[in-house]
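Read the structure below first, then the notes.
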Amino acid sequence: MNLIFRLLTVAVAAIVAAWRGRRAGLLDPSALRFRVWPTDLDINLHMTNARYFSVMDLGRTDLMIRVGLGPAILRNRWQPVLGGATIRYRRSLRPFQRFTLVSRVLCWDDKYIFIEHRMETRGGLAALAVVQGAFVGATGVVAPAEVLAVLGTTAASPPIPDAVAALRGQALSAIA
């Protein structure tokens, strides 16, 4: 129930912001504030590992809506999916602790869009993840170039960071 409430809150806020003309640029970060609720906890009384990924889903939802992809996703029946993820846990998130999820597009290649998610607290970085995402349509994976075209741009990808190269299988390197 908690995740459904969070999803609705994030989606409505992003839709309202986009409707009011506050669209985000493709490379602009999205910052969402949350609190760790008892339903987020594991047996060790900190946020369970799986919940980190659920919250990151919300960050990607916010990004998609704020950059203006919502109508194209619905019209084309695209489904956002992940092809991979790597995460580094730095600090536990404790009950009722506030944290901010900062999500941003890092780069893209011919198949995937790579997104960074940072979970930050007053005490510093709690977790850092890089995910490899794509949109799947009726004919298969939608090329990032097609997604960019919907946004009215043909921008080149920023340079591919080491963490993304590792996710793509080109190198073994740890993320910060």
Side-chain angles (χ1 to χ4, degrees), residues 6 10 14 23-34 36 40 42 44 46-69 72-73 78-94 97-137 140-176:
R6 282 177 173 163
V10 166
R23 274 183 55 177
L26 180 63
L27 299 175
D28 292 343
S30 157
L32 300 172
R33 289 174 181 74
F34 296 102
V36 178
D40 298 326
D42 64 13
N44 297 316
H46 60 219
M47 191 155 91
T48 186
N49 296 344
R51 188 67 82 210
Y52 285 81
F53 287 102
S54 297
V55 171
M56 289 176 209
D57 285 342
L58 300 174
R60 289 188 301 280
T61 299
D62 185 65
L63 276 175
M64 288 182 283
I65 295 170
R66 286 185 192 263
V67 300
L69 281 175
I73 290 169
W78 291 344
Q79 296 177 333
V81 298
L82 289 186
T86 197
I87 189 167
R88 168 80 43 104
Y89 300 99
R90 298 296 226 178
R91 292 182 172 76
S92 293
L93 291 174
R94 299 284 174 201
Q97 185 174 11
R98 293 177 191 261
F99 65 95
T100 301
L101 171 67
V102 179
S103 304
R104 68 184 179 107
V105 172
L106 291 173
C107 60
W108 53 90
D109 60 18
D110 59 334
K111 187 174 182 180
Y112 294 107
I113 299 168
F114 297 89
I115 299 170
E116 175 187 79
H117 296 288
R118 301 176 65 86
M119 292 189 171
E120 301 171 347
T121 67
R122 284 186 181 183
L125 183 66
L128 174 64
V130 174
V131 300
Q132 170 183 305
F135 291 98
V136 176
V141 175
V142 179
E146 186 177 343
V147 175
L148 292 174
V150 165
L151 296 174
T153 184
T154 58
S157 172
I160 296 175
D162 290 342
V164 171
L167 199 58
R168 294 172 73 204
Q170 293 179 354
L172 287 176
S173 67
I175 59 175

So does [Y] get a backbone contact from the side chain of [X], meaning a donor-acceptor N/O pair under 3.5 Å?
{"X": "N44", "Y": "H46", "value": "no"}
{"X": "T48", "Y": "D42", "value": "no"}
{"X": "R91", "Y": "G123", "value": "yes"}

Calculate, to the nearest 0.5 Å, the distance between atoms [atom1] and [atom2] belonging to [X] and [Y] respectively.
{"X": "L69", "Y": "T61", "atom1": "CG", "atom2": "OG1", "value": "11.5 Å"}
{"X": "I113", "Y": "L106", "atom1": "CD1", "atom2": "CG", "value": "11.5 Å"}
{"X": "M119", "Y": "Q97", "atom1": "CE", "atom2": "CD", "value": "11.5 Å"}
{"X": "I65", "Y": "I73", "atom1": "CD1", "atom2": "CD1", "value": "7.5 Å"}
{"X": "L125", "Y": "R88", "atom1": "CG", "atom2": "CZ", "value": "10.5 Å"}

Minimal non-hydrogen separation, [X] against [Y], with atom names:
{"X": "P144", "Y": "D110", "value": "CD-O, 3.3 Å"}
{"X": "S103", "Y": "H117", "value": "OG-ND1, 2.8 Å"}
{"X": "P29", "Y": "R104", "value": "CA-CB, 4.0 Å"}
{"X": "L148", "Y": "L26", "value": "CD2-CD2, 3.1 Å"}
{"X": "A14", "Y": "D62", "value": "CB-OD1, 3.4 Å"}
{"X": "L58", "Y": "L32", "value": "O-CD1, 3.8 Å"}

- Query: side chain to side chain contact (heavy atoms under 4.5 Å, CB included) between R90 and L128: does it pass, once the steps are laid out?
  - Reply: CA-CA 8 Å; R90 298 296 226 178; L128 174 64; 5.8 Å; no

Beyond-backbone contact of [X] with [Y], side-chain heavy atoms, under 4.5 angstrom:
{"X": "W78", "Y": "E146", "value": "yes"}
{"X": "V150", "Y": "F135", "value": "no"}
{"X": "R6", "Y": "V55", "value": "yes"}
{"X": "P80", "Y": "M64", "value": "yes"}
{"X": "L93", "Y": "R51", "value": "no"}
{"X": "D28", "Y": "R66", "value": "no"}

- Query: Should the ring pair Y89 and Y52 be called parallel, tilted or perpendicular, given that the plane angle runs from 0 to 90° and is split at 30 and 60?
  - Reply: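 Aromatic pair Y89/Y52 classed perpendicular.
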
- Message: Checking F114 against I160 for the side chain to side chain contact (heavy atoms under 4.5 Å, CB included) test, could you report, in this order, the C-alpha distance in whole Å, the side-chain angles of both residues, the deciding distance, and whether it holds?
- Response: CA-CA 9 Å; F114 297 89; I160 296 175; 5.9 Å; no

- Message: I'd like to check the salt bridge (charged side-chain N to carboxylate O under 4.0 Å, His left out) partners of D109; sequence neighbours left out, ordered by chain and number.
- Response: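 With neighbours one apart ignored, the set is R168.
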
- Does a sphere of radius 6.0 Å around CZ in R94 hold more than 12 heavy atoms from other residues, nucleotides or ligands, not counting ones at 6.0 Å or beyond?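 For R94, atom CZ is crowded (more than 12 foreign heavy atoms under 6.0 Å).
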
